[in-house]
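This report concerns only the one structure given below.
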Amino acid sequence: MSGIDRYDAQAVERKWQALWAARGTNTFTDEALATAKDPFYNLMMFPYPSAEGLHIGNIYAFTGADVHGRYWRLRGKTVFEPIGFDAFGIHSENYALKVGTNPNDLIPRNVENFTRQLKRIGGMFDWDHVVDTTDPRYYRWTQWIFLKLFEGGLVERRNAAVNWCPSCKTVLANEQVVAGLCERCDTAVEQRQFLQWFFKIGQYAERLLDNIATLDWSDSTRKAQANWIGRSEGAEVDFPIEGRKGAVRVFTTRPDTLFGATYMVLAPEHPLVDELTTPGQRDAVDAYRTQVGKRDLIERKKTDKQKTGVFTGGHCVNPINGQAIPVWIADYVLMEYGTGAIMAVPAHDERDFEFATTFDLPIVRVIAGPGDDASAPLDAAFTDDGVLVNSGDFDGASVEDGKRRIVGYLESRGAGTAKVNFRLHDWCVSRQRYWGPPIPIVHCADCGAVPVPESQLPVLLPRIEDFKPDDSGISPLARVKSWFETTCPSCGKAARRETDVSDTFLDSAWYFMRYPSANRDDAPFDPQVTSKWLPVHSYIGGNEHAVLHLMYSRFVTMALKDLGHIDFEEPFTRFRAHGLIINEGMKMSKSRGNVVVPDTLIEQYGADTVRMYLMFLGPYEQGGDYRDAGIQGPTAFLARLWQSVLEAEDAPVDEAVERKLHQTIARVTSQIPNLHYNTAIAALMEYLNVVRAGGRKPSRAEVAPIIVMLAPFAPHIAEELYERIGHTEGLFETARWPQFDPAKIVEDVLDIGVQVNGKLRGRVSVASDASEAAVVEAARANENVARFIDGRTIRKQIYVAGKLLNLVVG
RNA sequence: GCCCGGGUGGUGAAACUGGUAGACACAAGGGACUUAAAAUCCCUCGACCGCAAGGUUGUGCGGGUUCGAGUCCCGCCCCGGGCACCA
């Protein structure tokens, strides 16, 4: 094997990573970003550096996004592909607590290791525009956004229920509550009311929902967003309190069932509970409310538990029929949704039915399906469609019609009104934690909550050794007197800083706006650069963020637009979620001990092979099953390609190969932008198999296009081979994506399947321009086909041009 | 319970708007080269019957539409993920 050196992945990858860095192949100056032609912003979700290193799932995610970016670059676009670190927040803090190291020391070390790994896999990252959310140069502007929303009236401080561990005396996030117990000390978790900061995302519900239709996002993600927003149409109805002034307002999606409302239920926290409670029921009501308060938030929202509740002793009047109905309280009614009160229609709502059955409350049927006996007792709630019964003048109306007419009736008497409600609740952004950007507010006894002036940003997070949540019950920052003691920006008197930090989701709700302006210190984002690069052209990330992160990013973008800071309101034009990598059919986890460590793999096979293998496993949007043995495929493929290119001769493309080449270009060109990486790689393999068939030596013209098409997947080896066939200037700098000629794709001989009565009986080869008659003739000449049609008459023949002939005989 | 995915050989998976099921790989078996091993190359590879030609059968299950169904329709089962007392 004369003088052809073997493929040494490590050497090739070292060489090209160094050259890319030296040449600035993947990095932009700010000037270059500002003047870029045909910009393509290729974004991927930045990682939490909350582990020593990246796991294979991260590598999978980034590689898939990188393939996409590299492809568009070869197609001639100016591709900006930044990366960063979502380094603040509970993930990182919990990891720091677990390993017992101060996050100020630990997280930068993690970031450093992540950076090393990201460089090693050969991502086309712009290392001159990195974002680290813990960098004061970044979170200064996170605080700025808080202030802008505050000025814009989109921020509010109010009481909210939180999970509270009475033993640790601390607030717990939902994920820290395990089966109703504190994950650290196993004490039963309670609810407590705390003052918290909220972003009023609820105001944007309708817009967030309507815009979904305009987004090029995968269907499942759009559905998830729509479900989360949860629009429901119905009515608010006032039930006057019996024996005194005032009314209880309820929200219902079924105003048509108003005649069937036989009792009411208020959330235990409802402000009218005290007023409605009679002296005789006072003790029972108080006891119930205490008991509910002892439950954690998750437990309270469980569907499958026994209904509980207690009668207040009070009554309200059903406005449709003047009937007095009892008012109960129960924890299945939630204060956060609607009005915190419902009219109960046990005949037509499963929950109400269950409650009524438990407490022996009356059930009145007001909707009947065809043929139903409206007076027969129900053994379950009837939730199907039907017509109104036992509903006075409205009897006989359809559900749809009944809704409209009853709402109309209520409106005419001032007793109710049509109303749309959203499930989307306001975003609680405050965290009683250490590792986050301090909320830029000063509390003054005289002036109240005063925003920190912009000129004083950032409000630096002080380094403290005692960052663990302890039994003080409030943020760790509340222990640092020297930090929180300050003066009021408004009146100058002694005041106290807000000691909560903001939610990590706020850090990540605008990082994509920062990337192109990452080096600016005078503004969060440069207006010109921003309007050139945003909204993001392609965003790729995990489905775990399909709801919250994407929703919050959309909200912040909308709010910033309304406040005049940007000129677009949807941040991500296109979004695709990648799938999950599992190992031998099982989820990877430390406890299973089946975690694939990327470093080891890359050392053994090289980054290109690992990238190819990951992309070859299965459809990118569906994920794949990692199996150790499978990596042999791409390993051998790259070795064969290497050898083929090095021994390629100076000759034109062989005629037989040419068709396959153009077919391959066509396939790969359409598959990569659709993220069908596995089949694109298969097409390249097929082509190489044809090029090498029978041990023939390929020509340089045959292998040159494959090098370019391989480059998105295996950029290092592609560069090396590109250089070795005579290019000196770098593949990604100079190569163009190969073009195919549609005329050269067409086969001149076609293989037609011949069916008799729908069963395949033979195949015939015909010229591609053969007429139907010629195909039929060839088919009849086929011995096996003839066996099945001889002696019978052909009743029908179906010819699918170029593919198949079906002869129906009788 | 609701909303998304998904179920195809021993394995990962292909199959464009209904049109020759299993591309491309892995594993396995056989062979070549080699002192040997590795590497490489060649062949076989859904099941059943058959020496072969070929036949039967086959895409989770049961029906249906169609000349023709992995693909469409109806009714189920199983796996993965998300949401969930949202009135």
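In what follows, every chain begins at residue 1, and chains take the letters A, B, ... in the order their sequences are listed.
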For the C1' atoms, the ones on B:G68 and on B:A21, what distance do you get once it is rounded to whole angstrom? 14 Å
Modelled atom types, side-chain donor and acceptor of A:T63 and A:Y677, under 3.5 Å: no
Could you check which nucleotide pairs with [N] in any of the strands shown, counting Watson-Crick or G-U wobble with both distances under 3.5 Å?
N	answer
B:A39	none
B:G75	B:C61
B:U11	B:A25

5'-most contact on RNA chain B: A:A682 or A:D751, nearest heavy atom basis? A:D751
For A:S644, give me all partners under side-chain hydrogen bond (donor to acceptor under 3.5 Å, both in side chains), at least two apart in sequence or on another chain.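 With neighbours one apart ignored, the set is A:R692.
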Compare the minimum distances between each of [options] and the side chain of [X], then state the nucleotide with the smallest one.
X	options	value
A:R640	B:C67, B:C41, B:A27	B:C41
A:N689	B:C67, B:A87, B:A25	B:A25
A:Y332	B:G12, B:C26, B:C85	B:C85

Does B:G82 sit syn or anti, given that only angles within 90° of 0 count as syn? anti
Could a donor-acceptor pair under 3.5 angstrom be found where the side chain of A:R627 meets the base of B:U11? no
Assign a letter to each nucleotide of nucleotides 43-57 of chain B from its 5' end: B, base within under 4.0 Å of a protein heavy atom; S, sugar-phosphate only; -, no contact. -----------SSSS
